[in-house]
Amino acid sequence: NTPSSPPSLPLIGNLHQLGHHPHRSLCFLSHRYGPLMLLHFGSVPVLVVSSMEAAKEVLKTHDRVFASRPRSKIFQKLLYDGQDVAAAPYGEYWRQMKSVCVLHLLSNKMVRSFRNVREEEMSLMMEKIRKASSLPVNLSELLANLTNDVICRVALGRKYGCETDFKELMERLTRLLGVFSVGTYVPWLAWIDWIRGLDSQLEKLRNDVDEFLERVLQDHEDGDGGDRTDFVDVLLKIQREKSVGFDIDRVSIKAIILDVFVGGTDTSYTLMEWVMTELLRHPECLRRLQEEVRTICKGKSSVLEEEDIQDMNYLKAVIKETLRLHPPLPLMVPHESTHDVRLRNYRIPAGTQVMINAWAIGREVETWGPDAEEFRPERHLHSSVDFRGQDFELIPFGAGRRICPAISFAVVLNEVVLANLVHQFGWISTEDQAEVAESTGIAIHRMFPLYAIASSTS
Ligand code: HEM
């Protein structure tokens with residue numbers, strides 16, 4: 001007994017039904033075939049999960065069975081053969097690396113310790129906006145650069161954003177991680193990847209990334225150590241002092257650092273970009289947020305600090321509502337079952353790939369009501385539903401063992417930047433925001449950058 005499946009074609013299975021925006025196509029198909037659908041991407045069985053109840057069964061009831069990751073040629077090539085955290089198969093190695101992330105890199109104490117980095121970078125961005133006077137600013141670009149600079153300083157100890165080879169490296173990485181590899185799904189057509197140059201591009205990028213990270217590690221090893229505590233320092237110290245009860249080698253260090261860039265940059269800036277898009281589309285929400293921020297800060301004209309934000313309930317509701325409608329990774333990161341399992345009445349064999357459609361779950365009318373498609377932050381003001389993995393109707397960061405380890409890191413950056421953007425400036429949209437096209441790829445941001453005019457409020 002298997003979940004229902006849309007009709008498929010020989011060889012390619014259901015691949016032709018994914019379109020440019022698989023989260024939308026799969027949501028559409030789930031209305032007809034149900035919240036647990038079985039598709040085939042080439043020869044690979046893929047279970048697609050599209051409701052809160054079904055997600056709870058996968059990520060809570062059977063979390064351990066579904067906690068692995070499928071092997072993907074692109075991820076293996078670019079992420080050190082799965083020696084990172086995000087692409088590592090479920091097992092002891094993954095558990096050790098994730099504990100390093102959770103306890104040593106992304107703990108609340110570490111997140112707090114980078115407060116000056118966030119505030120300095122944010123002030124620089126605010127200055128650029130102020131200098132633009134009343135000319136439209138490319139907010140997408142500013143927010144992407146800000147996120148990149150913060151992550152560079154936190155992970156590597158200094159900014160690399162203005163160096164063209166680093167920028168180009170990151171662009172190639174993001175682009176190739178989103179490319180479809182025929183060989184992963186239809187092994188006997190793997191030669192197509194070779195013919196179209198994908199294999200050689202992956203090989204070249206893998207070497208370039210490794211060379212860059214080697215240089216960064218070497219710089220840290222040659223340095224005086226000082227009182228720097230960026231992620232590379234922390235990882236090298238753990239390696240030197242063998243302080244975590246297992247060995248962590250050089251490749252693992254480079255792989256974890258790469259995860260921070262791959263997992264952290266696009267996702268965080270995408271969220272800020274969607275928040276600003278929704279606020280410009282809904283001036284009444286922008287006004288209400290500005291009122292909240294100004295009331296709580298009582299005429300403070302300087303940069304708002306993180307403790308100013310604690311009681312900003314409407315700001316938190318705006319961020320939640322944006323994560324509900326625009327989860328930056330709408331299909332999260334694929335999972336894979338390691339054992340045969342019974343899910344509802346279906347038998348799901350070991351080795352089934354699982355895609356959880358967080359985008360569809362955030363728009364379920366049964367959970368969110370008839371206005372599920374509308375941006376209405378108020379719905380969160382008197383609700384305890386949160387995005388930290390306990391409430392399966394809102395899972396932009398995933399849930400269970402594979403949950404994102406950087407929720408606090410991402411949220412605090414988003415909160416302080418957004419509070420300051422609306423505190424220091426009034427905003428006017430320069431274009432019609434009614435229909436905003438989405439990009440393609442793994443992280444879904446706007447297809448075209450967001451431009452807006454800022455007017456100083458001081
Ligand atoms: C708004 C920002 C972010 C969003 C929406 C987000 C979302 C996610 C999601 C959906 C997953 C997959 C969960 C699953 O498979 O069940 C994930 C995993 C992960 N994220 Fe994030 N993320 C964000 C920011 C970050 C940042 C800033 C970092 C690093 C500093 C990061 C590092 C990771 C890592 C290492 C994993 C893999 C965890 C594992 O496989 O065990 N993320 N994230």
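Order of appearance sets the numbers: ligands from 1, and atoms from 1 within every ligand.
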Looking only at side-chain N and O atoms, does N145 offer a donor or acceptor that is under 3.5 Å from a partner on Y269? no

For ligand 1, the residues whose heavy atoms come within less than 4.0 Å (ordered by chain, then number): R69, V85, A86, W94, K98, L106, D259, V260, G263, G264, T267, S268, L271, P328, L329, M332, V333, H335, P396, F397, G398, R402, C404, P405, A406, F409, A410

Can you list everything that forms a side chain to side chain contact (heavy atoms under 4.5 Å, CB included) with K242? Sequence neighbours excluded, please. D247

Counting the benzene-type ring for Trp, do F114 and F409 have ring centres under 6.0 Å apart? no

With sequence neighbours left out, what residues match D311 under side-chain hydrogen bond (donor to acceptor under 3.5 Å, both in side chains)? none

Listed partners of E306 passing side-chain hydrogen bond (donor to acceptor under 3.5 Å, both in side chains), at least two apart: R118

Side chains of Y90 and R401: do they bring a donor and an acceptor to under 3.5 Å? yes

